[in-house]
Number of protein chains: 2
Amino acid sequence: MQEAEQLDRFFEICRQHNLKITPQRTSVYHALMSAENHPSADDIFQIVKHQYPNITFDTVNRTLMTFTQIGLLTIVESYRGSRRFDPNFEDHHHMHCLKCGRIVDFTSDEFDQLKAPKKLMQKFATVLSSRVIFNGICLECQNKTDKFYRNNKS
Amino acid sequence: MQEAEQLDRFFEICRQHNLKITPQRTSVYHALMSAENHPSADDIFQIVKHQYPNITFDTVNRTLMTFTQIGLLTIVESYRGSRRFDPNFEDHHHMHCLKCGRIVDFTSDEFDQLKAPKKLMQKFATVLSSRVIFNGICLECQNKTDKFYRNNKS
DNA sequence: TTGTATTTAAGAATTATTCTTATTTAATTG
DNA sequence: CAATTAAATAAGAATAATTCTTAAATACAA
Ligand SMILES: [Mn+2]
Ligand SMILES: [Mn+2]
Ligand SMILES: [Zn+2]
Ligand SMILES: [Zn+2]
């Protein structure tokens with residue numbers, strides 16, 4: 001998506017939800033769209049502060065939560081630390097590094113097709129999304145001596 | 001597993017890791033094994049407090065982290081709130097309710113077999129585990145008006 | 001341009017987790 | 001069984017993450 005297109009999408013969705021288009025919100029949206037991986041509210045705050053030195057963390061965080069409510073991004077599953085956001089709306093899946101906490105996107109047509117077992121559907125009224133996650137150690141971390149949060153029995 | 005068996009497993013694993021078998025640790029292990037779903041450290045603390053009114057949250061939490069390190073339990077992926085633990089070591093997968101945060105286990109032979117794409121393996125030195133997660137709304141929550149943390153574009 | 005509901009900044013409050021230190025204790029050894 | 005000692009605990013402080021409260025500012029509809 002082009003930058004202009006992205007901005008139009010942002011304006012459009014704000015209007016649909018009766019959200020005022022403020023410089024702060026626009027700047028948060030910009031920062032999000034240019035964020036590489038899965039930024040925390042503080043990651044976005046640090047970026048936006050360059051443009052708006054007086055902006056508060058609360059405003060950035062509140063804005064991100066608002067964006068989540070209206071479907072401009074999602075909150076990512078994680079094992080620790082602060083909440084992290086995902087601006088990537090392509091179907092995709094995640095690999096978590098249990099040492100550094102990095103979350104890497106990957107795509108898989110096969111995994112996109114997984115269906116919840118019928119048994120499970122007796123306990124849930126609605127299924128909204130699914131994702132496959134792999135846990136492991138990334139290349140950068142393989143030689144670190146840090147302990148990690150164990151996520152299987154091996 | 002019988003209760004006596006479970007305790008033996010606990011003693012055995014503690015000994016293997018040179019951990020002293022204290023009443024506090026034993027009580028935390030008990031509480032864990034009888035916990036239904038995916039308890040937080042505070043959930044366990046509330047239970048253990050009945051038996052040991054002087055125990056501190058820190059001791060419970062530290063004990064749970066120690067248990068995680070030695071493979072007696074795992075930390076569960078989540079979208080919010082406090083860290084949650086999983087004493088269930090059977091292969092299984094999760095359904096998350098985005099309104100109440102409940103995490104429900106389910107099994108699937110199919111999902112147990114998923115393999116990470118080769119492309120991905122160029123970025124990761126080791127894969128330790130995998131899991132499929134479904135996000136949705138549970139039966140108890142379907143009539144609530146609470147907002148929820150959105151996790152897909154629909 | 002004005003009116004108003006929304007949004008923001010600032011700072012306090014709350015919640016979750018970890019650290020520091022003095023005391024206690026489990027487990028080893030004599 | 002008693003002495004020894006490294007490990008574990010309780011208590012409280014500190015840190016980290018998030019949310020709340022309120023007064024001032026502002027987007028935007030009329
Ligand atoms: Mn992602
Ligand atoms: Mn589970
Ligand atoms: Zn890593
Ligand atoms: Zn629910």
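Here the structure is a predicted model, which means the values were calculated and not measured. The sequence lines fix the lettering, A, B, ..., with proteins before strands; numbering per chain opens at 1.
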Pairs under 3.5 angstrom, nitrogen or oxygen only, protein versus nucleotides 10-16 of chain C, please.
from, atom 1, to, atom 2, distance (Å)
dA10(C), OP2, Asn54(A), O, 3.3

Notebook entry, point to check: Which residues satisfy the side chain to side chain contact (heavy atoms under 4.5 Å, CB included) test with Cys14(B), sequence neighbours excluded?
Noted result: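 Only Phe10(B), Leu19(B), Ile21(B) meet the side chain to side chain contact (heavy atoms under 4.5 Å, CB included) criterion with Cys14(B).
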
Check: When you match Arg25(A) and Asp42(B) each to their closest nucleotide on DNA chain C, which lands nearer the 5' end?
Finding: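 On the 5' side of the pair lies Arg25(A).
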
Next item on the list: Let me see the working for Phe134(A) and His94(A) under ring pair (Phe, Tyr, Trp, His ring centres under 6.0 Å), right down to the final yes or no.
Entry: CA-CA 6 Å; Phe134(A) 285 92; His94(A) 286 154; over 10 Å; no

Tell me: [atom1] of [X] to [atom2] of [N], nearest whole Å?
| X | N | atom1 | atom2 | answer |
| --- | --- | --- | --- | --- |
| Phe85(A) | dA17(D) | CZ | P | 13 Å |
| Arg80(A) | dT15(D) | CZ | P | 21 Å |
| Asn18(A) | dT7(C) | CG | C1' | 14 Å |
| Phe45(B) | dA11(D) | CZ | C1' | 12 Å |
| Arg84(A) | dT18(D) | CZ | P | 12 Å |

Gap separating the [atom1] atom of [X] from the [atom2] atom of [Y], nearest 0.5 angstrom:
| X | Y | atom1 | atom2 | value |
| --- | --- | --- | --- | --- |
| Glu36(A) | His38(A) | CD | NE2 | 11.0 Å |
| Asn135(A) | Leu98(A) | CG | CG | 5.0 Å |
| Thr107(A) | Asp112(A) | OG1 | CG | 7.5 Å |
| Cys100(B) | Lys144(B) | SG | NZ | 5.0 Å |

Note to self: Could you check whether Gln24(A) and Thr59(A), counting side-chain N and O atoms only, form a donor-acceptor pair closer than 3.5 Å?
What the structure shows: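 Note: Thr59(A) and Gln24(A) side chains miss the donor-acceptor criterion.
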
Check: With respect to the phosphate group of dT18(C), does any side-chain polar atom (N or O) of Asn61(B) fall under 4.0 Å of OP1 or OP2?
Finding: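 Answer is yes, contact under 4.0 Å.
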
Notebook entry, point to check: Can you check whether Phe106(A) and His92(A) have ring centres sitting under 6.0 Å from each other?
Noted result: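 No, the ring centres sit 6.0 Å or more apart.
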
Notebook entry, point to check: Which letter, B, S or -, goes with each nucleotide of nucleotides 23-30 of chain D from 5' to 3', with contact meaning a protein heavy atom under 4.0 Å?
Noted result: ----BS--

